Asks: 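My questions all concern the structure below.
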Amino acid sequence: LAENPLLTDSRYRALAGSQFSMLTPENAFKPQFLHPRRGVYDFRDADLLVRFARANDMKVHAHTLVWHEALPNWMRENDDPEEVRRTMLRHIATVAGHFKGKVAEWDVVNEPMSDDEKSYTNGNLGLRSEQSPWYEAMGEDYIDEAFRAAHRADPKAQLFLNEYGVEEEGERWDALYDLIKRLKERGVPIDGVGFQNHEYTPGDRTAPETFRSHVQDLAELGIQARVSEMDVPIGEDEKDGRQTQADEMAGKLRVCLEEPNCTSFSTWGFTDRYGSTADTKIYPPRTADSLPWDTDLRPKRAYERLLEALRAAP
Ligand code: 9MR
């Protein structure tokens, strides 16, 4: 983290000014690390990141309170719905309470939408069901309860729902939009939606203008948007891959800078040396080409294009 070139790049600092940057923890705030046993919390790594951010004038966008992954086993083991609900509420109260005033934003609910086509027609309104202990116990209400609990614990934090695969048109976006509308109608304290923007395959690359129209749809509901986890892995022999990667990233950043309710842009990692799209199933692991800095921390074309987009910002 201390190697992050953004901390010392004067070109970036001059452009970003006081809105210097926002740190998003990749793993340290996940329940499996923060809450390894019932009632036993370990905030050491997360606190370290918060101190690092403060020392470097960065805000913290904390990730994540309620997800169906990265759970300690004990959280999955209970199937009494009332117990599961209490576990979720206690976790949120303790964790968001611990970081009250220290983090600016939270991903309260991560990835609630289903990957199973059936969920979009069987009455689940596109929500992930059997994979999620939270949905299993409470149905859609877990989302309402999670946001209300986070708001009680830290009333000033901005509260986000974070999702992938919603940058393009289709039933997944439609279902997410309807969900946000229902939440707003029920008075749930949700402030924003994170668009992850993982573009793992060429088929995942999406038009910036479609993303813009989704950001604008959210603006009408009084909801912020952010690019939360962008990475664009390119194939080794993909022609003009680095150019495509640069265009994808800069295209999304430009939309975000132009739309008043888009509040931040974050890549998922910064250097290919530690990128989460590395192939770790082989030995030695093969690093991917997916982030703005290469494995030697040299800026790629993507970084130059991101700077250009910042420079042209309205
Ligand atoms: O990059 C993260 C990886 O190190 C973890 O093993 C994994 C499971 O906790 O999560 C990865 O981050 C994911 C993020 O939390 C949610 N959106 C998808 C990200 C990439 O898989």
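As the structure is a prediction and not an experimental result, all values here were calculated from the model. We're numbering straight along the sequence, starting at 1. Below, each value reflects all heavy atoms present in this structure, side chains not excepted, and no hydrogens, waters or symmetry copies. For ligands, and for the atoms within them, numbers begin at 1 and follow the listed sequence.
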Asks: Heavy-atom contacts with Ala70 under 4.0 Å: which atoms of ligand 1 show up? List them by number with element.
Replies: 9 (O)
Asks: Hey, which atoms in ligand 1 end up nearer than 4.0 Å to a heavy atom of Asn110?
Replies: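 Counting from 1, the qualifying ligand atoms are 16 (C).
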Asks: Does ligand 1 have a heavy atom under 4.0 Å from the side chain of Tyr164, from its backbone, from both, or from neither?
Replies: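 It is neither; nothing of Tyr164 touches ligand 1.
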Asks: Within the structure, does Glu229 bring an N/O atom to less than 3.5 angstrom of an N/O atom in ligand 1?
Replies: yes
Asks: Quick check on Trp268 - does any of its heavy atoms sit under 4.0 Å from an atom of ligand 1?
Replies: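 True for this residue.
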Asks: Answer yes or no: does an N/O atom from Glu111 fall short of 3.5 Å to an N/O atom of ligand 1?
Replies: yes
Asks: Can you tell me the protein heavy atom closest to atom 1 (O) of ligand 1 and the distance?
Replies: Glu26 OE2, 2.4 Å
Asks: Is the centre of the His214 ring less than 6.0 Å from the centre of the Trp173 ring?
Replies: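 Judged by ring-centre distance (under 6.0 Å), His214 and Trp173 do meet the cut-off.
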Asks: Pick one: which of Gln196, His61, Gln158 meets side-chain hydrogen bond (donor to acceptor under 3.5 Å, both in side chains) with Arg226?
Replies: His61
Asks: Would Asn27 count as a polar contact of ligand 1, with the cut-off being nitrogen or oxygen pairs under 3.5 Å?
Replies: yes
Asks: For ligand 1, which atoms, with element, lie under 4.0 Å from some heavy atom of Gln196?
Replies: 17 (N), 18 (C)
Asks: Quick test of your reading of the model: are Arg254 and Glu259 salt-bridged, counting only N-O distances below 4.0 Å?
Replies: no
Asks: Inspect the contact between Glu308 and Arg311 and indicate whether a charged nitrogen and a carboxylate oxygen are less than 4.0 angstrom apart.
Replies: no
Asks: Checking Tyr303 against Asp9: is there a side-chain donor and acceptor pair closer than 3.5 Å?
Replies: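 The answer is yes; a qualifying pair exists.
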Asks: Kindly confirm or rule out a cation-pi arrangement of Arg182 over Tyr177, judged by NZ or CZ under 6.0 Å from the six-membered ring centre and within 45° of its axis?
Replies: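 Output no; distance or angle outside limits.
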Asks: Using the benzene-type ring in the case of Trp, are the ring centres of Phe160 and Trp106 under 6.0 Å apart?
Replies: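 Phe160 vs Trp106: aromatic centres not under 6.0 Å.
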Asks: Distance to 0.1 Å, residue and atom name: give those for the protein heavy atom nearest to atom 11 (C) of ligand 1.
Replies: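 Answer, as residue, atom name and distance: Lys30 NZ, 3.6 Å.
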Asks: Quick one: are the ring centres of His63 and Phe29 less than 6.0 Å apart?
Replies: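 His63 vs Phe29: aromatic centres not under 6.0 Å.
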Asks: Mark up the atoms of ligand 1 that fall under 4.0 Å of a heavy atom belonging to Ser276, in ascending order.
Replies: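 Checking each atom against Ser276, I get 1 (O).
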Asks: Using non-hydrogen atoms of the residue, decide whether Tyr200 is closer than 4.0 angstrom to ligand 1.
Replies: yes
Asks: Output yes when the distance from some N or O of ligand 1 to some N or O of His63 is under 3.5 Å, and no in every other case.
Replies: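 Yes, since at least one N or O of His63 sits under 3.5 Å from an N or O of ligand 1.
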Asks: Over 60° means perpendicular and under 30° means parallel, so tell me whether Phe99 and Phe43 are parallel, tilted or perpendicular.
Replies: perpendicular
